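We use all heavy atoms of the structure for the numbers below, so side chains are in, but hydrogens, waters and symmetry mates are not. In what follows, residues are counted from 1 in the order of the sequence shown. Just so it is clear, the model here is predicted, and its values are computed rather than measured. In each ligand, atom 1 is the first atom listed, and ligand 1 is the first ligand listed.
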Amino acid sequence: MTIRRLPLAIKAAALAGLTLASQAHAEGTLHFANWSDYFPPELLKKFEKDTGIHATLDAYDSNETLLAKLKAGGGAYDVVVPSDSFIEIFVKEGLLQKLDKSQLPNLANLKDKFKTLSYDPGHDYTVPYLWGTTGYTYDSAKAPGGKFEESWKPFFEPPEDFKGKVVALNSVDDMWAPATYYAGVDECTEDPKEAQKVLDLMLKQKPLLAMYNSDGTIERMAAGEVWMHQQWNGAYHRAHAQRASLVYVYPKEGIRLFIDNLAIPKDATNVKEANIFLNWMMQPENIAAASNFAKYNNAITGSEKFMDKELFDDPAINTPADKLDRLKPFKLCSPKSLALRAKVWTKLKK
Ligand code: N2P
């Protein structure tokens, strides 16, 4: 088992369209790329033991980074983990291959509500991995009166003394949705004036931020290095285990629900091994190990009995009934709308 973080130089080479060094894959090998800190190393070892396939794991920080890597080509990966909101984009770009469902009998283990998903209704390209929400966390020990309202307001308009103590995720996909919820703009808007409103909100927030960063969110909050962080619920849960004063917010304006997925890139080298892996991950005890490590829910029937009870006890993971209507699944927006948000992001980051 090899776990590595893709060095920037390789990232740059991949972006420049150069071939990656590790192209000659031996038989019985699986090259897996997943979001950082999102897959238990012991589970990869178990996969190797169960199947005899040697596995490597690379990490990336966002859908945008994964997209750039796959577009650069090189066939470096056999399995990747794109989010629901990016599936259509990856498929349109011809970056994923159709799944051979005869190799995936464990698709039968999917819970009913994950059997038909809007972004890939027949599981032609993807099977669900883990799912969760993208809210934000704050340290109640630092909040005025120990509490913030359940809104995106404290995140986008934090109090002055939070200056330099707030972090946003470094992805237009993660930031655009809550900014539109808070600005009261349809997330699929095609109107430049509305996009400007969203940009203005983010521009006003920018000087108060310590950084945009999607990696290391757990460590930063657990260490008390910052006091507020846009964060996924599983990451919150892990940070909270180290700092009890942390609070996860379900903003009343809405909170993005995400489903991440296992998929096989078009140019994968080890397709047989990739299928074995996808099917193996849909076994209840295996996906439960991923849930127990990353602290997110999964889509597999019967996984509950292998999952840690504490996950079900955390309202950040097990959304309370009165907050369910705040969860917003992603919307597939028009190319015009997506181009508008990309422009906003470029302007924000320059
Ligand atoms: C965990 C990554 C969570 C993925 N580091 C959110 N889509």
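- Classified by interplanar angle (parallel below 30°, tilted 30° to 60°, perpendicular above 60°), the ring pair Phe155/Trp152 is perpendicular.
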I'd like a table of donor-acceptor pairs (distance under 3.5 Å, sequence neighbours excluded) in which one partner is a side-chain atom from residues 340-350, with atom names and distances.
unit_1, atom_1, unit_2, atom_2, d
Thr346, OG1, Ala342, O, 2.9
Lys349, NZ, Asn170, OD1, 2.5

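- Near ligand 1, heavy-atom contacts under 4.0 Å come from Trp35, Ser36, Tyr38, Ser83, Trp232, Phe258, Asp260, Tyr296.
- Relative ring orientation between Trp35 and Tyr60 is described as tilted, the plane-to-plane angle lying within the 30° to 60° band.
- With sequence neighbours left out, the side-chain contact (heavy atoms from CB on, under 4.5 Å) criterion links Asp100 to Ser102, Gln103.
- The cationic group of Arg326 does not satisfy the cation-pi geometry with Tyr181, failing either the under 6.0 Å distance to the six-membered ring centre or the 45° limit from the ring axis.
- Under the rule for a side-chain contact (heavy atoms from CB on, under 4.5 Å), the partners of Asp191 that lie at least two apart in sequence or sit in another chain are Thr189, Lys193, Glu194.
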